[in-house]
Amino acid sequence: MSAIAVCASVALVYLIYHTLKIFRQYQKARATGFKVYVSILDTTNPIFTVFALPLLPILSRILPASAFRVIDLTTYGVEWRDKVVRRSRPTPGYMVASSSSELDLFVEDPEIAGAILTRWRDFQQDRMTFKFLGVVGPNLAASDGKDWQRQRRLIAPMLNERIMETVWGESVEQANEMLETFIGKDEGKTDGTVDGLRRIAFNVLQCIGYGMPQGWNEPAKAPQKGHKMVYMEALHELIEGLIIVAMVPAKVLAHSWMPAVLRRKGEAIYEFHNYTKELLQKEREISANSGTPRNNMLSLLSSISEQNSDSKERDSAQKNTLSDEEIRGNLYQFTLAGYDTTANTMAYAFVTLATLPKWQDWIIEEVDRVSATSPDSSYREIFPKLERCLALMHEILRIYTPVAHIVRGCESEQSITAGGKTYRIPAKTRCILSLDGLGTQAGYWGDNTFEFDPTRWLIKDKPNGIAVPPALRQPTKGAFIPWSGGPRICPGMKMAQVEFTSVVYSVFSKYRVEPVLKEGESEGDARKRLAAVMDDSQPKLTLQMNRPRDAVLKWTKR
């Protein structure tokens, strides 16, 4: 038999095997009650994940519309692409059958999403999520079962009111310094607002997480002796290169023959490990001398480390300590979860308010009212009164959802009843909760679901005994989950809310913002241009504007 015949036989056998595998998966999917799409590509393959998105424009031109739509529906960020052009997807969701050993269920229904998040024992963290979030060490987000319960019990209480006061004060200082810089140059005109807000978010986390305050204008520090970069620089490299760092071993990335940009990612892993070890030792010495930990996450985590504990239950899920590896992993996850999400939420909020001046006036009205009645500008005095500022944040999160998906997996068959109908979810199914889809369902949000309207969050008639302010309307469970939901809701939710509202409050108590007009351009055209900059976004780690420098804004003192 010739070589060509052998190759043809092997290809035929593979094709038959591949086709039968897809057919078996299709049969499973049909029994679920959801609409089913069949993909000839393995949608869970990392190669598909990396290359599908950049190839979409080409595929859209060469494939039939129906075939392209299947690939589009399974490519990361489809919800945002559909939102921009006001295109709907099947509800309450849809299944994708491919040659993968797992089925994909894309969930668009709040009732189903709420049930999946509530039943955390049946629907656990996705293994790929573990790989990405646990890249430098085990942590709360990259754990399940009793291990997750232990870490949650130890870590959640640390994000207390003392921390919130520090978040508030640090955010105010950062925002004031940023705006003073903008106002002092080029008549307040700048293309750096988006980048400036990212610096605020990172500096706040640097202060709260590691006890390393840094001014907004403060120049970068030189690395310590024996290090190639400063600690926060190493952390920043890990966050920006998350996908590469998760997929390629550190010793490969750091090898001398790697390109400099990749080698730096590998070096950052080792730098982060070494720095964290040194800082933990320093915090232990400080705590031993003072008797109490400092008011930052590193110090608080150090206080419950195994080396600082006499616990005899070190191998038990009930132990009251964290290992050094868990401390390192949780510090990284704390920064990863709070950096891009908060920074980009603030960016979309500020550009939106420049685009829609009536809502800027609405925010300023609350800011002026609160500042007039609250001479004490402290967190405890001001934050509870900023309902409009918090409503602004929630509406931005609904429309410009930072994270496209929350993924859960089930190892055994499950069933969920929603809308009077029961759906069977086969074992080995990835449940992909679509945050954009959930946040724009007209059945839950009304006919103006695509319109920016923060008043939808305000409670019109507040009953006596309402929850601690600022209190907003609570949507149907599962309809609004930017911080996830159920028992695994993000413990840093309030910290993000405090940081956002403090920046908005401090900025608009002194300044206004508007688009910079190009030559011959009207104000209306300039606002449309800014809106187009926001529409030209892409979900990466989080939703980000592709052209943030095109959001040229003018800041003026009120």
Side-chain angles (χ1 to χ4, degrees), residues 164 167-168 171-172 174-175 178-179 193-194 196-198 200-201 204 338 341-371 374 379 382-402 435-436 439-440 445-446 448-460 462 469-475 479-483 493-515 527 530-531 533-534 537 542-543 545 551 553 555 558:
M164 298 308 152
V167 171
W168 177 273
S171 301
V172 168
Q174 293 283 331
M178 181 185 76
L179 263 297
T193 299
V194 174
L197 292 166
R198 291 178 67 82
I200 287 177
V204 170
T341 51
T342 306
N344 289 322
T345 301
M346 291 191 293
Y348 282 106
F350 279 44
V351 179
T352 294
L353 293 180
T355 307
L356 302 172
K358 78 168 187 176
W359 294 115
Q360 186 175 166
D361 293 338
W362 183 74
I363 289 294
I364 289 174
E365 184 180 288
E366 175 179 78
V367 168
D368 288 349
R369 182 179 68 249
V370 171
S371 62
S374 306
Y379 155 72
I382 301 294
F383 177 70
K385 301 174 182 178
L386 297 179
E387 292 183 345
R388 290 186 182 182
C389 292
L390 190 58
L392 167 68
M393 182 186 197
H394 281 213
E395 186 69 349
I396 290 293
L397 287 170
R398 188 185 71 84
I399 294 180
Y400 300 101
T401 309
L435 274 68
D436 269 315
T440 54
W445 298 100
N448 69 338
T449 182
F450 291 109
E451 295 178 18
F452 180 82
D453 182 8
T455 62
R456 73 175 78 243
W457 293 96
L458 300 183
I459 300 172
K460 302 299 188 293
K462 297 182 181 180
L472 303 182
R473 182 174 74 85
Q474 297 300 307
F480 181 71
I481 51 174
W483 292 285
M493 177 177 69
K494 186 172 182 180
M495 177 176 164
Q497 292 173 341
V498 171
E499 181 178 345
F500 179 95
T501 54
S502 64
V503 171
V504 171
Y505 175 79
S506 59
V507 167
F508 289 103
S509 63
K510 300 176 183 176
Y511 305 96
R512 293 190 65 92
V513 65
E514 60 187 27
R527 291 174 188 138
L530 272 186
V533 170
M534 290 190 289
S537 295
T542 60
L543 183 71
M545 300 176 210
L553 304 177
W555 293 93
R558 293 174 49 200

Task: Test log, rule side-chain contact (heavy atoms from CB on, under 4.5 Å), inputs Asn344 and Leu543 - done: CA-CA 7 Å; Asn344 289 322; Leu543 183 71; over 6 Å; no
TODO: Could you label the plane-to-plane angle of the Tyr505 and Trp168 rings as parallel, tilted or perpendicular, counting under 30° as parallel and over 60° as perpendicular?
DONE: tilted
TODO: Under the side-chain contact (heavy atoms from CB on, under 4.5 Å) rule, what do Gln474 and Ile459 come out as? Steps first, then yes or no, please.
DONE: CA-CA 9 Å; Gln474 297 300 307; Ile459 300 172; over 6 Å; no
Task: Inter-residue atom distance Thr345.OG1 - Ile396.CD1, 0.5 Å rounding - done: 8.0 Å
- [ ] Specify the closest pair of heavy atoms between Phe350 and Val513, including all atoms of both residues, with the distance to one decimal.
- [x] O-CG1, 4.2 Å
Task: Validation row: Val370, Glu387 side chains within 4.5 angstrom (heavy atoms) - done: no
- [ ] May I ask you to test the Val503-Met178 pair for a side-chain heavy-atom distance under 4.5 Å?
- [x] no
TODO: Find out whether Phe383 and Thr501 are in side-chain contact, i.e. whether some heavy atom of one side chain is under 4.5 Å from a heavy atom of the other.
DONE: yes
Task: Salt bridge present between Arg398 and Asp453 (N-O < 4.0 angstrom) - done: no
Open item on the list: Quick one, Pro454 and Trp359 - any side-chain contact, counting heavy atoms below 4.5 Å?
Closed with: yes
- [ ] Side-chain contact test, heavy atoms from C-beta onward, threshold under 4.5 Å: evaluate it for Trp555 versus Val507 and give yes or no.
- [x] yes
Task: For the student: nearest non-hydrogen atoms of Pro515 and Arg527, plus distance - done: CG-CG, 4.0 Å
Open item on the list: When you measure from the side chain of Gln360 to the backbone of Leu353, do you find a donor-acceptor pair of N or O atoms at a distance under 3.5 Å?
Closed with: yes
Open item on the list: Please determine whether side-chain contact (heavy atoms from CB on, under 4.5 Å) holds for the pair Met393 and Val504, giving the CA-CA distance in whole Å, both sets of side-chain angles, and the decisive distance to 0.1 Å.
Closed with: CA-CA 10 Å; Met393 182 186 197; Val504 171; over 6 Å; no
Task: Rounded distance [0.5 Å steps], CZ in Phe508 versus CH2 in Trp362 - done: 12.5 Å
Open item on the list: So which atom in Ala551 and which in Val351 form the shortest heavy-atom distance, rounded to 0.1 Å?
Closed with: CB-CG2, 4.1 Å
Task: Pairwise distance OG1(Thr193) to CG(Leu553) - rounded to 0.5 angstrom - done: 4.5 Å
Open item on the list: Ring-plane angle category for Phe480 and Trp445, please: parallel below 30°, perpendicular beyond 60°, tilted otherwise.
Closed with: perpendicular
Open item on the list: Measuring only between side-chain heavy atoms, which start at C-beta, is Ser171 closer than 4.5 Å to Val204?
Closed with: yes
TODO: Find out whether Leu392 and Glu366 are in side-chain contact, i.e. whether some heavy atom of one side chain is under 4.5 Å from a heavy atom of the other.
DONE: no
- [ ] Provide the closest heavy-atom pair for Ile481 versus Leu435 in the form atom of the first, atom of the second, distance.
- [x] O-CD2, 3.4 Å
Task: Spacing of Ile364 atom CD1 and Arg369 atom CZ [to the nearest 0.5 Å] - done: 13.0 Å
Open item on the list: Can you confirm whether Leu179 sits close enough to Lys510 that some side-chain heavy atom of one is under 4.5 Å from a side-chain heavy atom of the other?
Closed with: no
TODO: State whether a side-chain donor-acceptor pair under 3.5 Å links Thr341 with Trp483.
DONE: no
Open item on the list: On a heavy-atom basis, which atom in Ala175 and which in Ile200 lie closest, and how many Å separate them?
Closed with: CA-CD1, 3.8 Å
- [ ] Any chance you could measure Tyr348, atom OH, to Ile399, atom CD1, to the nearest 0.5 Å?
- [x] 12.0 Å
TODO: Nearest 0.5 Å please: distance from the CZ atom of Arg456 over to the OG1 atom of Thr449.
DONE: 6.0 Å
TODO: State, to 0.1 Å, how close Cys389 and Phe500 come at their nearest heavy-atom pair, and which atoms those are.
DONE: O-CE2, 3.4 Å
